[in-house]
Amino acid sequence: DYYMQIQSDGMPYQSHPFYMPLRVISLSGITNYTASNISSTNSSLMMIWDGKGFLEIDGKIHKVMAGSLIALSSSSLLKMEPELQLKGIWIEYSCIPQSKNEDIFINDNSPVHHASTRLIALAGELYSAWIDADKQKPFRVQQLFTQFIVELHGELTSHKERSSSWMERVTEYIEAHYNEDITRDQMAALAEVSPEHFSRTFRKSIGLSFSAYITLLRIRKAQQRILT
């Protein structure tokens, strides 16, 4: 076997993830089908163009709306009620190597992201190319899907960097003003994010809720004053 010979000769083996679209369908094809558990044998990306409501993913409730993108692993359990009337697309894909830890979209802390207008437009092009295949452009779907995941990866990376930046700014402000009446909404405004997003990101980053962190900081500062 030539592949095995290369390995036995000591040639370095580099593992690169590859992504291939397997199915692209309208969300209405899913929401009109069932209100019970929705599962897939493959990883999936769910892009919402219109509508809003709540989804249950692996036992946790997530708010979604137009522009939401949901990343689901093959083991994810999604519950979605038909009355939500969500409009958008469902993309099933295969990741090679087939490992949850290798899938950069599934390995993120939260399954719900906010997509840019550019990403939404690419999703629309991908859906159109999937349902109306062009024999003159046999690789059009693969090309659009590759553009889509490259754009998604860039947005997720940028989002993580911004979250890290505003978290540092917020904690520095709290450290300087912990004795004042600081509210979650004030800190969310300082971070330029929604209060809900602020709470989720703060807890994931610090390990405590915002109110618990403030209380603990005040106790520690009081102890330091007593000891000095």
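Here the structure is a predicted model, which means the values were calculated and not measured.
Applying the side-chain contact (heavy atoms from CB on, under 4.5 Å) criterion to Arg203, with sequence neighbours excluded, gives Ser209. Partners of Glu196 by salt bridge (Lys or Arg N to Asp or Glu O under 4.0 Å), not counting sequence neighbours: none found. For Leu119, the side-chain contact (heavy atoms from CB on, under 4.5 Å) partners at least two apart in sequence or on another chain are Met47, Leu69, Ala115, Ser116, Phe148, Glu151, Leu152, Glu155.
At a threshold of 4.5 Å between non-hydrogen side-chain atoms, the residues Val193 and Thr201 do not count as touching. Within the 4.5 Å cutoff, the side chain of Glu125 has heavy atoms near those of the Leu144 side chain. Looking only at side-chain heavy atoms (C-beta outward), Arg200 and His197 come within less than 4.5 Å of each other. The side-chain heavy atoms of Ile89 and Trp49, taken from C-beta on, include a pair separated by under 4.5 Å. Between Lys221 and Asn179, the closest side-chain pair of non-hydrogen atoms is not below 4.5 Å. With contacts defined as side-chain heavy-atom distances shorter than 4.5 Å, the pair Thr171/Ile206 qualifies.
A pairwise comparison of heavy atoms in Leu86 and Lys52 identifies CD2-N, 3.7 Å as the closest pair. When all heavy atoms of His177 and Ile182 are compared, the pair lying nearest together is O-CD1, 2.9 Å. The two atoms that bring Asn42 and Glu92 nearest to each other are ND2-OE1, 3.5 Å, heavy atoms only. Looking at every heavy atom in both residues, Phe202 comes nearest to Leu208 through CD2-O, 3.5 Å. Of all non-hydrogen atoms in Asp58 and Ser75, the two that sit nearest each other are OD1-O, 4.1 Å. Scanning both residues, Ala191 and Arg169, for their nearest heavy atoms gives CA-NH2, 3.7 Å.
Crowding of Lys63 atom NZ: a count of heavy atoms from other residues, nucleotides or ligands under 6.0 Å not exceeding 12.
To the nearest 0.5 angstrom, Ser68 atom OG is 7.5 Å from His114 atom NE2. In this structure, Leu216 CG and Ser211 OG are separated by 11.0 Å, a value rounded to the nearest 0.5 Å. One distance of note links CG of Asp132 with OH of Tyr127; it measures 11.0 Å at 0.5 Å rounding. Rounded to the nearest 0.5 Å, atoms CZ (Arg218) and CD1 (Ile174) are 9.5 Å apart. Here the CD1 atom belonging to Ile149 is positioned 11.5 Å from the CG atom belonging to Leu156, to the nearest 0.5 angstrom.
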Give the C-alpha distance, both sets of side-chain angles, the deciding distance and a yes or no for side-chain contact (heavy atoms from CB on, under 4.5 Å) between Leu55 and Met46. CA-CA 12 Å; Leu55 301 179; Met46 178 179 172; 3.9 Å; yes
Evaluate the side-chain contact (heavy atoms from CB on, under 4.5 Å) criterion for residues Val24 and Val141: first the C-alpha distance (whole Å), next the side-chain angles of each, then the deciding distance (0.1 Å), finally the verdict. CA-CA 10 Å; Val24 182; Val141 167; 5.7 Å; no
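Hydrophobic clustering, with ILVMFWY side chains joined whenever heavy atoms are under 4.5 angstrom apart, groups Ile25 together with Ile48. Clustering ILVMFWY residues whenever any of their side-chain heavy atoms sit less than 4.5 angstrom apart, transitively, puts Leu122 in a cluster other than the one holding Leu22. In terms of hydrophobic clustering, with Ile, Leu, Val, Met, Phe, Trp and Tyr side chains grouped at heavy-atom distances under 4.5 Å, Met20 and Leu126 are assigned to different clusters. Placement of Trp90 and Met65 in two distinct hydrophobic clusters is found when ILVMFWY residues are connected by side-chain heavy-atom separations under 4.5 Å, directly or transitively.
Defined by atom type and a distance below 3.5 Å, a donor-acceptor pair is missing between the side-chain atoms of Gln223 and Arg220.
No donor-acceptor pair under 3.5 Å is formed between the side chain of Arg184 and the backbone N or O of Ser199. In this structure, the side chain of Gln142 does not engage the main chain of Phe139 through any donor-acceptor pair within 3.5 Å. A distance-only check finds no donor-acceptor pair linking the side chain of Arg140 to the backbone of Ala133 [under 3.5 Å].
Separation of the Trp130 and Phe145 ring centroids does not fall under the 6.0 Å cut-off.
Under the 30°/60° scheme for interplanar angles, the aromatic rings of Phe198 and Phe210 are found to stand perpendicular.
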